[in-house]
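Reminder, nothing fancy here: chain letters follow the sequence lines and each chain counts from 1. Computed over heavy atoms, backbone and side chain alike; hydrogens, waters and symmetry mates excluded.
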Protein chains: 2
Amino acid sequence: MSTSDKPREIGKDIGYFIRDLRRNAGVSLRQLAEKAGVSNPYLSQVERGLRKPSAEVLQQIASALRVSTPVMYLRAGLLDDRDGPGVLAAIAADPDLTVAQKQTLSQIYETFRREITRDTDTIEEET
Amino acid sequence: MSTSDKPREIGKDIGYFIRDLRRNAGVSLRQLAEKAGVSNPYLSQVERGLRKPSAEVLQQIASALRVSTPVMYLRAGLLDDRDGPGVLAAIAADPDLTVAQKQTLSQIYETFRREITRDTDTIEEET
DNA sequence: AGATCACGCTAGCTATAGCAAGCATTTCGC
DNA sequence: GCGAAATGCTTGCTATAGCTAGCGTGATCT
């Protein structure tokens with residue numbers, strides 16, 4: 001494994017992300033560690049960027065914080081932006097959603113994308 | 001980590017999966033190892049279920065075999081059916097959304113899915 | 001036949017993930 | 001004020017991920 005990758009840089013990012021999520025959820029380090037099934041000294045090291053957690057641990061933390069595992073993986077660099085099929089196709093194919101829910105979710109998604117596109121266009125135009 | 005989990009059972013599964021993919025792609029162990037950036041003895045151990053690869057290594061192997069990373073993660077037990085190739089993975093992988101938007105969309109999606117589950121329970125109870 | 005190459009593997013090693021034991025400090029309840 | 005509880009962290013440890021060096025075997029080349 002390449003030592004020039006500087007995993008501690010990524011580790012700091014995912015660590016701060018986890019700490020922010022935990023604090024926003026209003027739970028202590030020990031409480032989250034217990035829910036996630038990891039030791040509290042280890043969670044402290046992860047949050048401070050001193051240890052790089054495995055995907056299994058990230059999965060457990062995501063579950064304990066009620067955050068989707070793919071979002072956690074994305075932040076940890078374990079998933080690319082390019083992975084997975086398109087959101088709209090996935091929404092349409094989901095068997096657990098009603099038609100009304102699919103429509104609502106798709107509309108919210110496209111609103112978000114239009115927000116980003118508008119911001120990007122504005123910035124580019126001004127530049 | 002619990003020793004009763006028997007990670008070797010899962011390891012055998014992902015190992016066979018990788019070996020099948022490799023053979024179907026018509027490449028040797030050394031060729032795949034080189035493309036994936038791992039050592040060939042290690043890849044041999046992984047394929048034979050003797051070592052449990054990290055998510056980073058799985059990502060590299062998936063890329064070398066031109067298989068989507070979520071599919072590989074699903075097979076390795078690092079993603080659930082529910083957040084594997086599906087809506088949550090697609091949301092996480094979307095390059096056009098901010099992290100905040102991804103989280104909001106994921107939470108709305110899971111709220112919808114919980115509504116469906118509750119409705120289903122109610123219907124079942126009444127029957 | 002002998003040399004070389006490609007293959008998949010074994011053996012032994014280092015770095016680190018993740019833990020238990022215990023510490024210092026702060027907060028809480030009496 | 002005091003003792004208990006809760007918090008976040010340090011220290012030292014074990015298990016294993018991933019590697020390098022080298023092996024035995026079969027295929028290929030001269």
Side-chain angles (χ1 to χ4, degrees), chain A residues 1-65 72-73 76-78, chain B residues 1-65 72-73 76-78:
Chain A
M1 200 158 296
S2 170
T3 52
S4 61
D5 270 340
K6 286 197 176 272
R8 299 290 166 80
E9 302 292 328
I10 297 181
K12 278 219 164 72
D13 182 60
I14 188 63
Y16 291 151
F17 182 60
I18 291 171
R19 178 160 281 187
D20 283 348
L21 290 173
R22 172 174 69 76
R23 285 177 171 163
N24 287 344
V27 297
S28 69
L29 185 126
R30 282 182 182 240
Q31 286 172 325
L32 175 57
E34 185 166 347
K35 278 179 79 182
V38 299
S39 74
N40 79 77
Y42 182 59
L43 181 57
S44 173
Q45 287 181 306
V46 167
E47 287 191 355
R48 287 180 288 123
L50 300 180
R51 288 293 200 207
K52 179 184 158 102
S54 66
E56 286 84 359
V57 163
L58 290 174
Q59 202 176 18
Q60 290 164 233
I61 292 173
S63 173
L65 287 172
M72 183 73 82
Y73 284 175
L78 298 181
Chain B
M1 202 158 296
S2 171
T3 52
S4 62
D5 270 340
K6 285 195 181 275
R8 299 290 166 79
E9 300 294 327
I10 298 183
K12 277 212 165 73
D13 182 59
I14 188 63
Y16 291 150
F17 182 60
I18 290 172
R19 178 161 281 187
D20 283 347
L21 290 172
R22 173 174 67 78
R23 284 176 170 162
N24 285 344
V27 297
S28 71
L29 185 128
R30 285 185 181 234
Q31 287 171 323
L32 176 56
E34 185 167 347
K35 278 179 81 182
V38 300
S39 73
N40 82 75
Y42 183 60
L43 180 57
S44 174
Q45 287 180 308
V46 167
E47 286 192 355
R48 287 180 287 124
L50 300 180
R51 291 291 201 204
K52 181 182 157 95
S54 67
E56 286 86 358
V57 164
L58 289 174
Q59 204 175 17
Q60 290 164 232
I61 293 173
S63 174
L65 287 171
M72 182 73 83
Y73 284 174
L78 299 181

Exercise. Are any of B:R51's side-chain N or O atoms less than 4.0 Å away from OP1 or OP2 of D:dG18?
Worked result: no
For this session: Look up atom CG in A:L29 and atom OG in A:S39, then write down how far apart they are to the nearest 0.5 Å.
Result: 9.0 Å
Problem set entry | Nucleotide nearest B:N40 (side chain, heavy atoms from C-beta), chosen from C:dC9, D:dG8, D:dC19 | C:dC9
For this session: Mind listing the residues from residues 25-38 of chain B sitting with a heavy atom below 4.0 Å of DNA chain C? Number order is fine.
Result: B:S28, B:L29, B:R30
Problem set entry | Rounded interatomic separation in angstrom, taking CD from A:Q45 and P from D:dT10 | 8 Å
Exercise. For A:L43 and A:A33, which heavy atoms make the closest approach, and how far apart are they?
Worked result: CD2-N, 3.6 Å
Exercise. Between D:dC19 atom C1' and B:E56 atom CD, what is the distance in whole Å?
Worked result: 16 Å
Problem set entry | B:R48 vs C:dT10: side-chain N/O to OP1/OP2 distance below 4.0 Å | yes
Seminar exercise, completed: A:E47 CD to C:dG18 P, in whole Å, measures 15 Å
For this session: Check every atom of C:dG8, C:dC19, D:dG18 against the side chain of B:S54 and return the nucleotide holding the closest atom.
Result: D:dG18
Seminar exercise, completed: Here the distance between atom P of D:dA15 and atom CG of B:L50, to the nearest Å, is 18 Å
Exercise. Does a nitrogen or oxygen in the side chain of B:S44 sit under 4.0 Å from OP1 or OP2 of C:dC9?
Worked result: yes
Problem set entry | Spacing between A:R19 atom CZ and D:dG8 atom P, to the nearest angstrom | 8 Å
Exercise. The side chain of B:P41 lies closest to which of these nucleotides: D:dT11, D:dG8, D:dT20?
Worked result: D:dT20
For this session: Whole angstrom is fine here: how far is it from OH in A:Y42 over to C1' in C:dA17?
Result: 5 Å
Problem set entry | B:Y16 side chain to B:E47 backbone, donor-acceptor under 3.5 Å | no
